[in-house]
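Data first, discussion second: the structure below is written as structure tokens.
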2 protein chains.
Amino acid sequence: MSAIPAATVGRLVTYLRVLTELEQEGVRSASSDDLGAATRVSAFQVRKDLAYFGRFGTRGAGYTVATLRRELRRILGLTRPWHVAIVGMGRLGQALADYPAFDRQEFRLVAAFDVDPAVIGRRIGAVQVESLASLAEVAAERAIDLAFLTVPAAAAQGAVDALAAAGVRGILNFAPVVVTAPENVRVEAVDLSAGLQRLTYYVQAEPATVGEVTG
Amino acid sequence: MSAIPAATVGRLVTYLRVLTELEQEGVRSASSDDLGAATRVSAFQVRKDLAYFGRFGTRGAGYTVATLRRELRRILGLTRPWHVAIVGMGRLGQALADYPAFDRQEFRLVAAFDVDPAVIGRRIGAVQVESLASLAEVAAERAIDLAFLTVPAAAAQGAVDALAAAGVRGILNFAPVVVTAPENVRVEAVDLSAGLQRLTYYVQAEPATVGEVTG
DNA sequence: TATTGTGAACCGGTTCACAGCG
DNA sequence: CGCTGTGAACCGGTTCACAATA
């Protein structure tokens, strides 16, 4: 009932990965126990997560790998190609242009933008870098669905506004700032520096295992 | 009491960011309301998060920016320099070598490793790429605390094992796999492809805003 | 018999209201 | 008087036990 927990969506992604591996290895079926072991999640949790979306298993036998994989791909929206743009062609943006997912069918890099005249015009990966000023025009023309946002923190909010105005539906934000977007634009953060700082917290807090209050 | 919620640790990082900005702008004090507005968190939550670690505010007046910032840096373990290595010098590893945090004091890039002879020996950023085989030796010599793991998914678990054996305490895992590490080694994931797939889930699930069950 | 699917119990994080205090 | 600090209420996600069933 009601909405799906965000944590569930995150786990679906990892189940799908495992199923893809299993399929490649020729494994035909897997139990919630198997999936749980591979993803470090309890078998209860696996079943509950899947139950939000329907009944995919066979009692007594588990899940058919190919079927469940297909269902998860459908649930996660991976059955149609997504047009992706990279905004900000610094080091990180350039590295992302070679992201292996762009070789497969689901994600297609269709544009790259920057404000720096020294970068604009250069061909990187499959695309040529264009001026951010042409975003609206290009977004309409090539039906950009999603964007990788790899601009400096100070420029992130402005870029989000421009992307939202251009009709982009989802943004993967690599900039270390909290940005605000309209209701109809989804932002997911991939935050390296936050991860790094969480890491130092836990590492220095050891050996108390889970982060003792230092008082 | 007991352990600190992981979500709290994540939010501390964003509070710290905001405090750093405020300090640069010359702002002297901030209320939990101010911090909450800037980080998109309720003021209640801000106060509760901080209360896990002590009393940092002044009733009626809010928090002194400089003081709270110093305390959060201490709590997050950012008062001493951390020695970081990058394992896997593909595109992403190379991009990370230029990560701005390495210009500041808290994080120092002290080594870079790869298995590819074509890359070993090349100077990238502040370091020269070394063979992964020399990890144990180099880790001891340069007191590597943390590692950025940017190897292919298939190589990730092996690298984690090697890093753990070499005494590395924390790993920022960029590979799209769930890895297992000993108790005393903390792993934080920075997972681009997972973020991308969560994004497609939410974007396709619109316009039902929070992801309606499709049945 | 083995394993799923699920209502109910549990637990922990978030929200809240207000007491405490500068 | 304003804003923090916090015990209690609330809510939602996780865990669990077991009924359903191939």
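The analysis underlying the following values was restricted to heavy atoms, covering all of them including side chains, and did not include hydrogens, waters or symmetry mates. Residue numbers begin at 1 in each chain, while the letters A, B, ... track the order of the sequences. Keep in mind that what you see is a predicted model, and the values were worked out from it rather than measured.
Residue I4(B) contributes atom CD1, which lies 14 Å from atom P of dG12(C) at whole-angstrom precision. Atom CZ in R59(B) sits about 16 Å away from atom P in dC18(C), given to the nearest Å. For Y63(B) and dG22(C), the OH to C1' distance is 14 Å, given to the nearest whole Å. Put simply, CG on L50(A) is 9 Å from P on dT4(C), counting in whole angstrom units. A straight line from CZ of F56(A) to C1' of dG5(C) spans 12 Å, rounded to a whole angstrom. At whole-Å resolution of the value, NZ in K48(B) and P in dC11(D) are 16 Å apart. Per the geometry, CZ belonging to R55(B) stands 10 Å off C1' belonging to dG20(C), to the nearest Å.
Distance alone, capped at 3.5 Å, is enough to place a donor-acceptor pair between the D145(A) side chain and the H83(A) backbone.
A7(A) comes within contact range of the sugar-phosphate backbone alone, with a heavy-atom separation under 4.0 Å but no base atom that close. Using a 4.0 Å heavy-atom criterion, one finds that R47(A) contacts the bases of the nucleic acid, with or without backbone contacts as well.
Ranking dG5(D), dT3(C), dT4(D) by closeness to the S31(A) side chain, first place goes to dT3(C).
Taking only side-chain nitrogens and oxygens, Q45(B) never comes nearer than 4.0 Å to OP1 or OP2 of dG13(C). In this structure, S32(A) does not reach the dT3(C) phosphate: none of its side-chain N or O atoms is under 4.0 Å from OP1 or OP2.
The terminal axes of the helix from dT1(C)-dA22(D) to dG22(C)-dC1(D), fitted over 5 pairs per end, subtend an angle of 10° to the nearest 10°.
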